[in-house]
Amino acid sequence: MVKIIDGKQISKEIKDELKAEVAALKTQGKNVALAVIQVGEDPASSVYVNNKKKACEYIGIESLAFHLPETITEEELLQKIEELNQDEKVNGILVQLPLPKHIDEDKVIKTIVPEKDVDGFHPQSVGALSIGQKGFVSCTPAGVIQLLKRSGIEIAGKECVVIGRSNIVGKPMALLLLRENGTVTIAHSKTKDLKEIAKRADILVVAVGKPKMIDSSYIKEGAVVIDVGIHRDENNKLCGDVDYDDVVEHVSAITPVPGGVGPMTIAMLMHNCVSSIK
Ligand code: NAD
């Protein structure tokens, strides 16, 4: 029997736990506040920012929205971040990416103090993860670990293959699986014999950014498949990096798209916000 990993349900569980935690913090007079900065009018960014605001409302986190014009200079944006760094009432700072081309994203990420870096993108947060120290972890890969753990899937000792090596998904994903004592391989666009490597996986995490690229020829019978990708197919239907219909009969567990990894990213962002007060 294939287990369909329900990211919607698991993310709700996490949000409900956080809601109770935030209520308890409030009785101690502690208020969790997240500052969200959006620059310009990118429609996808507006949707993401709005979803984050709704999640904050649900959990009881105060969300402070800063919608800045597309024409803002890099210096003005950095100055705004510095102000929020200094503001004791703000626990977490998030700058919605992508930013307009005239602004250096790396500079922006580095300006947020690591103590408020709830996206987990600051080099110090990434460094801490790689040497097993405390720090914020990038939300999507952290969500994948929660999906596995809360579905009762053991990671320790398993062959884990991550396809993709981006800074926000693939690399932190591999480090987290390693932290959970998986035996980890990272595959990427220059990997030779990708199918052979993918077929070694007990747990295959796909973050390749190519719609339905991974079909059953990449899958070991009975593997667990986690699909991080999000795309629209030729019929405008949401799909992942995995060809779900082709793969589903060969796996022991799989995340659907939508309703798998997607909802976990915001849940883990909320988790990071609540941790930021501790
Ligand atoms: P990216 O484009 O930055 O990275 C893709 C990676 O895949 C690269 O490291 C590249 O080396 C590798 N790759 C590309 N072609 C390959 C090939 N033919 N064979 C092997 N490796 C190949 O993408 P990303 O930001 O890591 O995102 C990956 C996917 O996850 C995208 O579909 C994105 O939309 C999705 N995503 C989802 C969430 C979520 O919340 N669910 C969050 C972030 C990203």
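For ligands, and for the atoms within them, numbers begin at 1 and follow the listed sequence. The first residue of the sequence shown is numbered 1, and numbering continues consecutively from there. It should be emphasised that the depicted structure is a prediction, and the values quoted were computed from it without experimental measurement.
Below 4.0 Å from some heavy atom of Asp241 lie the following atoms of ligand 1, by number and element: 29 (C), 32 (O). Atoms of ligand 1 found under 4.0 Å from any heavy atom of Gly262 (numbered from 1 in listed order, with element): 41 (N). Which parts of ligand 1 touch Val169 is read off a 4.0 Å heavy-atom cut-off, strictly below it: atoms 26 (O), 43 (C), 44 (C). Listed by atom number, the atoms of ligand 1 under 4.0 Å from Gly229 heavy atoms are 29 (C), 30 (O), 32 (O), 35 (C). Near Gly164, meaning under 4.0 Å from one of its heavy atoms, ligand 1 places the atoms 6 (C), 7 (O), 9 (O), 12 (C). Taking a cut-off of under 4.0 Å to the non-hydrogen atoms of Met213, the atoms of ligand 1 that pass are 17 (C), 18 (N), 19 (N). For ligand 1 and Leu194, the ligand atoms under 4.0 Å from any heavy atom of the residue are 19 (N), 20 (C).
No side-chain donor-acceptor contact under 3.5 Å links Glu70 to the backbone of Pro100. Looking at Lys26, its side chain does come within 3.5 Å of a backbone N or O of Gly60 through a donor-acceptor pair. At least one donor-acceptor pair under 3.5 Å links the side chain of His122 to the backbone N or O of Lys110. Under the 3.5 Å distance criterion, the side-chain polar atoms of Ser125 are left unmatched by any main-chain donor or acceptor of Phe121.
Using a 4.0 Å cutoff on heavy atoms, Ala187 does not count as a contact of ligand 1. Look at His231 and you'll find a heavy atom under 4.0 Å from some atom of ligand 1.
Within the 4.0 Å heavy-atom criterion, neither part of Met264 lies near ligand 1.
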request  = Could you walk me through whether Met264 and Val144 pass side-chain contact (heavy atoms from CB on, under 4.5 Å), step by step?
outcome  = CA-CA 7 Å; Met264 295 302 291; Val144 170; over 6 Å; no
ask   = Does the pair Ser63 and Lys53 meet the rule for a side chain to side chain donor-acceptor pair (under 3.5 Å), with working shown?
value = CA-CA 6 Å; Ser63 74; Lys53 196 173 145 208; over 6 Å; no
inquiry  = Please evaluate residues Glu83 and Lys80 with respect to the criterion salt bridge (Lys or Arg N to Asp or Glu O under 4.0 Å), reporting the C-alpha separation (whole Å), side-chain torsions for both, the decisive distance (0.1 Å), and the verdict.
reply    = CA-CA 5 Å; Glu83 263 170 45; Lys80 182 76 217 165; 3.1 Å; yes
inquiry  = Could you walk me through whether Lys89 and Glu62 satisfy the salt bridge (Lys or Arg N to Asp or Glu O under 4.0 Å) test, starting with their C-alpha distance in whole Å, then the side-chain angles of each, then the deciding distance to 0.1 Å, before giving a yes or no?
reply    = CA-CA 10 Å; Lys89 293 191 293 299; Glu62 184 183 356; over 6 Å; no
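Here the protein heavy atom with the shortest distance to atom 4 (O) of ligand 1 is Ser166 CB, 3.8 Å. Scanning all protein heavy atoms for the shortest distance to atom 42 (C) of ligand 1 gives Thr140 OG1, 3.3 Å. In terms of protein heavy-atom proximity, atom 11 (O) of ligand 1 is closest to Ser189 N, 3.1 Å. Considering only non-hydrogen protein atoms, atom 8 (C) of ligand 1 sits nearest to Arg165 N, 3.9 Å. The protein atom (non-hydrogen) at minimum distance from atom 21 (N) of ligand 1 is His188 C, 3.0 Å. Shortest contact from atom 31 (C) of ligand 1 to any protein heavy atom: Gly209 CA, 3.6 Å. In this structure, atom 34 (O) of ligand 1 lies nearest to the protein heavy atom Ile230 O, 3.7 Å. Taking atom 36 (N) of ligand 1 as the reference point, the nearest protein heavy-atom neighbour is Val228 O, 3.6 Å.
For atom 5 (C) of ligand 1, the nearest non-hydrogen atom from the set Ile168, Val208, Thr191 comes from Val208.
Distance check, rounded to the nearest 0.5 Å: OG1 of Thr111 to CD1 of Ile93 gives 10.0 Å. Within the model, atoms OG of Ser216 and CG of Asp245 stand 11.0 Å from one another, a figure rounded to the nearest 0.5 Å.
Remark: of the listed residues Asp233, Asp241, Asp227, Asp233 is the sole one forming a salt bridge (charged side-chain N to carboxylate O under 4.0 Å, His left out) with Lys212.
Members clustered with Val208: Val2, Ile4, Val161, Ile163, Leu194, Ile197, Leu204, Val206, Met213, Ile214, Tyr218, Ile219, Val225, Val242, Tyr244, Val247, Val248, Val251, Ile254, by chain and number, using a 4.5 Å side-chain heavy-atom cutoff among hydrophobic residues.
Of the protein's heavy atoms, none falls inside 4.0 Å of atom 2 (O) of ligand 1.
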